[in-house]
Engineer: 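Take this structure, written in structure tokens, and hold onto it; I'll ask about it next.
This structure is a prediction, so every number in the text was calculated from the model and none was measured. To find a chain, count down the sequence lines: A is the first, B the second, and so on, and within it residues start at 1.
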Amino acid sequence: MQERYDPAIVEAQVQAFWAERKAFSVKEDPSKPKYYCLSMFPYPSGRLHMGHVRNYTIGDVISRFMRMQGYNVLQPMGWDAFGLPAENAAMQNGVPPAQWTRQNIAYMKRQLQSLGFAFDWERELATCDASYYRWNQWLFLRMLEKGIAYKKTGIVNWDPVDRTVLANEQVIDGKGWRTGAPVEKREIPMYYLRITKYAQDLLDALDSLQGWPERVRAMQANWIGRSEGVRVSFPYELDGERRVLNVFTTRADTLMGVTFCAVAPEHPLATYAARSNPALAQFIEECKRGTAMEAELALMEKKGMPTGLFVTHPITGAEIPVWVGNYVLMTYGEGAVMGVPAHDERDFHFAKKYGLPIRQVIDTGAGRWSAEPAQWDPAFESHGTCINSGKYDGLDHEQAVDAIAADLQAQGLGEKQVQWRLHDWAISRQRYWGCPIPLIHCARCGDVPVPDKDLPVLLPEDLVPDGSGNPLAKTSSFLDCECPNCGAPARRETDTMDTFVDSSWYFLRFACADNDSAMVDERVNYWMPVDQYIGGIEHAILHLLYARFWTRVMYDLGLVKVQEPFENLLTQGMVLNDIYSRRTADGRVQYFNPADVEVLYDAKGARIGARLKSDGQPVEWEGMRTMSKSKNNGVDPQELVSKYGADSVRLFMMFKAPPEDTLEWSDEGVEGAARFMRRLWRIVYEHVQQRERQAGAVPSLEPSKLTEAQRAVRRAAHSTLVKVTDDIGRRRVFNTAIAAVMELLNTLSKFDDDSPQGQAIRHEALELVVQMLSPIVPHACQALWEALGHEGDALIDRPWPKPDPAALVQEEIEIVVQVNGKLRGRVTVPAQATEDEVRSAALAAPNVQKWTEGKPIRKVIVVKGRLVNIVI
RNA sequence: GCCGGUGUGGCGGAACUGGUAGACGCGCCGGACUCAAAAUCCGGUUCUGGCAACAGAGUGUGGGUUCGAUUCCCUCCACCGGCACCA
């Protein structure tokens, strides 16, 4: 054993040891309980960032811990390898996306290996490999057959200069990111997956996901957005034809208070009216250009314009004006709303602004208005009793909704309806670097699916996109083909699939990544569901919802036996770092990396400022944010690993904050972790040295012959084991587990008993420390385990230690004594003392008597093993 | 605007089921070692008063329940995250 802790040497040796034994390769084994621990696979952007390191460290700790608990643990890793950044990189440097992506994968794989994660690399997959994405295509064809996949038009952002479709993130202030040209909305044919068919099931099943964070379930429920209401039809005549304007409302009880209707700018009625009304046409154009549907627009001014058209109230027969409103969404419900200004805040402000009548039809308990109110009051929206509503007067909310829905239905002018916010999933992307959609367009036969025998439709890997449209559409070797039906020359579909498709089932493929004749096989049933899924909260909605949907489709096709893929979900918090800046002479802001900044403290350790190391001049602290290039506050994992070693980085990440909280990066914190590693190493080293000097076996422990001080140290070791086991296994918090081990190590370093029994206790405790820390800092622990006399023994295959119940027994315990809830003393009593004995000991304590003297004692509360509270 | 989350020393955090507030670490202060520095080790570190024993205050604000509240309930405030003007 080396005297000095040198992580570079230790980690290289231990990684070689694992590699030699194929320590992380795992096979299905029906004799053992299985545990599938999965971290979200990364996009191969080039380098790992600290968020990845945190994510995968959490997964690795859980995996290693469960393995030591006796589970057959699967922890795979792969690459979410299709996507836009590869195309952007190609445009910049002319390298084909395939090449760029595979280089990145190779580099990042080495990074992951240097961190010592126990991944089974034999199951590695990349979604850009045909052996993977062919099954996207295969399942898409099954979905087509089932009617789950279908074609309809959809609206996309069109850059007229580059003649290309832009992603939302490529549209900045309504302009194309590269060309700066105003983006147009275009309607093009696309393929959709009918996720709405599963809406009710996806919603209902959320209740069964008890292992998911409450907030993620809430976010999904809101996203699915079930709402019960009534579809109301307002009849009208146009060009001599009788038609209806449909609206959806959850407040059918306020129908008698309708004074206008508002339609979305894209609504056909708006389009019709605009034809003969240039001002309206201009207004509609404005609305469409605005960055609609963004959160900040919640505060946007509600604007509208009359169409000049009128519809008929389905019950009163009154004429109702139709407006175009910038706040009405075409994508929700019918793209039209009924305006009830007396009982809806938006409608109220709209009516006030444009002088529309306000008609109270609900008595919300505050009575009837004598005059129209000038200000909105949230109470107006409450449920109440119908008034001014003719035959509905006196009905409450539910009764009125039922009665009105029934009357509308009788006339064929409406019915109760369930409305979903969720819409079908558009998977077509007009991009090159993705999975080709397996269809062929034939002039005679229409859209023809590629026959299974011709799969996969291979994506050519040598193309370099230049930003002007999809290169597939210009590559005849890809484009030109024969119609599988009639043999006539035909054109291949050039759209590729949304990359969310790739990530919707990769967790299934890890079970059988080597199968080239089927998408999944029996092994999936052994491993699924994923027992622990770990990833960022940013995937709380889309990825997780799509994966749940996709798994259900595969279930319905008989391919898998689970409907819910992820049993437990841990959403790890973001990694933040300080932001330092300085305003330059020309008014720009310059950001400095925290590594180049020195923080200044006062004599009490409070932070008073910061300055740049290179010039000593002050810099401004702007708080902490997620690491990003633009704020120059990133930290490179690779530099840290070479400076401190993987174990110190892993230890710091797990110690600094609970996994679900944000983690504030600090260089001093990593130094602290490294310091702890050196300390641990030294304590084991000194113990081992002592053993070698005495050249004998470790004295055997004789629990019955221990002194009180020796028993206390042994009790500390075993009770730490109890806590650490619970913290990692049940509570999934690692910071407190590490703190407990640090405390134990502090105890051990003060325990300088060199008697044979003292040495035996130290040896036992150090073995426990090394075992307890091994999921977190696996390299150093393996080396220390060998140094403690287990040469060549793989710690990862050792069973997790069990505490000795006898070591935990305590003869005496300390009881806290309070007087009127305030701490006034402590007494030590035998552990098995009766309540009466504890009470009299407490009352007799000197400091307590001082406070109770001469006062009548009203009550004494005794909490077993904890405290006594004397009420006077 | 809505939904969700979080507020505890100089800082990150701990206190799991209502029972000793501040574990553990960082920073800071003091000491040992050293010619010196770094590293390492030892001690101290919520605030106020006191040499001390000890006393008082204290978990964003104001209230409530309780023998007892960081923990439960209500009000308000601040910050963070998500988004969907959802009819």
Side-chain angles (χ1 to χ4, degrees), chain A residues 213-216 218-219 221-223 225 227 229 247-251 254 262 292-300 302 325-329 331-340 344-347 419-421 537-538 540-541 573-574 576 599 601-608 623-625 652 655-658 660-673 675-676 678-679 682 723 726-727 730-731 733 735-743 745-746 749-750 814-823 825-826 847 850 858-861 863 865-872:
Chain A
E214 182 60 48
R215 63 179 169 150
V216 174
M219 280 160 96
N222 289 337
W223 186 264
S227 115
V247 305
F248 173 77
T249 179
T250 54
R251 290 300 302 273
T254 64
M293 284 205 264
E294 280 185 25
E296 60 206 61
L297 302 191
L299 307 156
M300 187 182 76
K302 316 261 168 301
N326 66 349
Y327 63 96
V328 184
L329 295 177
T331 50
Y332 185 77
E334 308 278 352
V337 299
M338 61 184 210
V340 186
D344 180 278
E345 182 172 4
R346 258 179 340 210
D347 296 345
Q419 186 66 46
W420 301 91
R421 204 196 73 91
I537 186 75
E538 66 271 23
I541 296 180
M574 296 176 303
L576 313 182
V599 180
Y601 301 93
D602 68 10
K604 286 187 170 180
R607 193 171 175 144
I608 48 171
M624 301 193 99
R625 285 286 156 77
F652 167 73
F655 177 64
K656 184 74 180 183
E660 313 229 70
D661 291 8
T662 55
L663 182 148
E664 299 185 356
W665 186 261
S666 93
D667 288 340
E668 292 82 7
V670 195
E671 300 267 8
R675 193 175 305 147
F676 174 79
R678 287 194 293 267
R679 197 164 129 83
R682 202 193 64 241
K723 175 166 176 58
D726 188 51
D727 279 356
R730 179 182 65 88
R731 298 177 63 207
V733 284
N735 55 331
T736 51
I738 294 166
V741 177
M742 287 175 167
E743 218 176 335
L745 209 65
N746 289 344
S749 66
K750 287 190 188 106
E814 192 184 59
I815 299 284
V816 164
V817 188
Q818 297 179 335
V819 178
N820 282 350
K822 279 191 196 289
L823 179 66
R826 296 156 203 272
N847 204 39
K850 200 171 93 188
R858 299 217 319 248
K859 202 171 171 184
V860 179
I861 290 137
V863 181
R866 282 201 172 265
L867 63 66
V868 176
N869 189 13
I870 300 161
V871 186
I872 53 170

Engineer: Send over the distance from Glu345(A) CD to C86(B) P, rounded to a whole Å.
Structural biologist: 10 Å
Engineer: If I take atom CD1 in residue Ile872(A) and atom P in nucleotide G68(B), what distance separates them, rounded to the nearest angstrom?
Structural biologist: 13 Å
Engineer: Just the table, please: protein N/O against nucleotides 27-29 of chain B N/O, every pair under 3.5 Å.
Structural biologist:
{"from": "G27(B)", "atom 1": "N2", "to": "Lys604(A)", "atom 2": "O", "distance (Å)": "3.2"}
{"from": "C28(B)", "atom 1": "O2'", "to": "Ala603(A)", "atom 2": "O", "distance (Å)": "2.1"}
{"from": "C28(B)", "atom 1": "O2'", "to": "Gly605(A)", "atom 2": "N", "distance (Å)": "3.4"}

Engineer: If you assign Phe248(A) and Asn820(A) each to the RNA chain B nucleotide with the nearest heavy atom, which residue ends up on the more 5' nucleotide?
Structural biologist: Asn820(A)
Engineer: Among G81(B), C86(B), C54(B), which is the nearest nucleotide to the side chain of Lys850(A)?
Structural biologist: C54(B)
Engineer: When rounded to the nearest 0.5 angstrom, what is the spacing between CG in Asp347(A) and NZ in Lys302(A)?
Structural biologist: 10.5 Å
Engineer: In whole Å, I'd like the distance from the CZ atom of Arg858(A) to the P atom of U66(B).
Structural biologist: 13 Å
Engineer: Give me the distances for all protein-to-nucleotides 2-9 of chain B N/O pairs that come in under 3.5 Å?
Structural biologist:
{"from": "C3(B)", "atom 1": "O2'", "to": "Asn222(A)", "atom 2": "ND2", "distance (Å)": "3.4"}

Engineer: Nearest of G12(B), A84(B), C80(B) to any side-chain atom of Arg625(A)?
Structural biologist: C80(B)
Engineer: Among the nucleotides G12(B), C86(B), C85(B), which one has an atom lying closest to any side-chain atom of Arg421(A)?
Structural biologist: C86(B)
Engineer: At 4.0 Å (heavy atoms only), tell me whether Gly672(A) reaches a base, stays on the sugar-phosphate, or touches nothing.
Structural biologist: sugar-phosphate
Engineer: Just call it for Ser666(A): base, sugar-phosphate, or nothing, with non-hydrogen atoms closer than 4.0 Å on any strand.
Structural biologist: nothing
Engineer: According to the Watson-Crick and G-U wobble definition with distances under 3.5 Å, which dot-bracket string, read 5' to 3', encodes RNA chain B, using [ ] for crossing pairs and | for pairs with another strand?
Structural biologist: (((((((..(((......[....)))((((((.......))))))((((....))))..(.(((..]....))).))))))))....
Engineer: Nearest-Å distance, NZ (Lys656(A)) to P (C11(B))?
Structural biologist: 12 Å
Engineer: Counting heavy atoms from C-beta on, name the nucleotide in C86(B), C41(B), U40(B) closest to the side chain of Arg678(A).
Structural biologist: U40(B)
Engineer: Please identify each residue that fulfils side-chain contact (heavy atoms from CB on, under 4.5 Å) with Ile872(A), with sequence neighbours left out.
Structural biologist: Val819(A), Asn820(A), Thr852(A), Lys855(A), Ile857(A), Ile870(A)
Engineer: Using a 4.0 Å heavy-atom cut-off, write out nucleotides 16-23 of chain B from 5' to 3' as B (base contacted by protein), S (sugar-phosphate only) or - (no contact).
Structural biologist: B--BB--B
Engineer: Find the distance Lys822(A):NZ to G68(B):C1' and express it as a whole number of Å.
Structural biologist: 11 Å
Engineer: Could you tell me whether Asn746(A) contacts a base, only the sugar-phosphate backbone, or nothing, with contacts defined as non-hydrogen atoms closer than 4.0 Å?
Structural biologist: sugar-phosphate
Engineer: Using heavy atoms to find the nearest nucleotide of RNA chain B for Lys859(A) and Asn847(A) separately, return the residue whose nucleotide is more 5′.
Structural biologist: Asn847(A)
Engineer: Using a strict heavy-atom distance below 4.0 Å, which residues from residues 333-340 of chain A are in contact with RNA chain B?
Structural biologist: Val337(A)
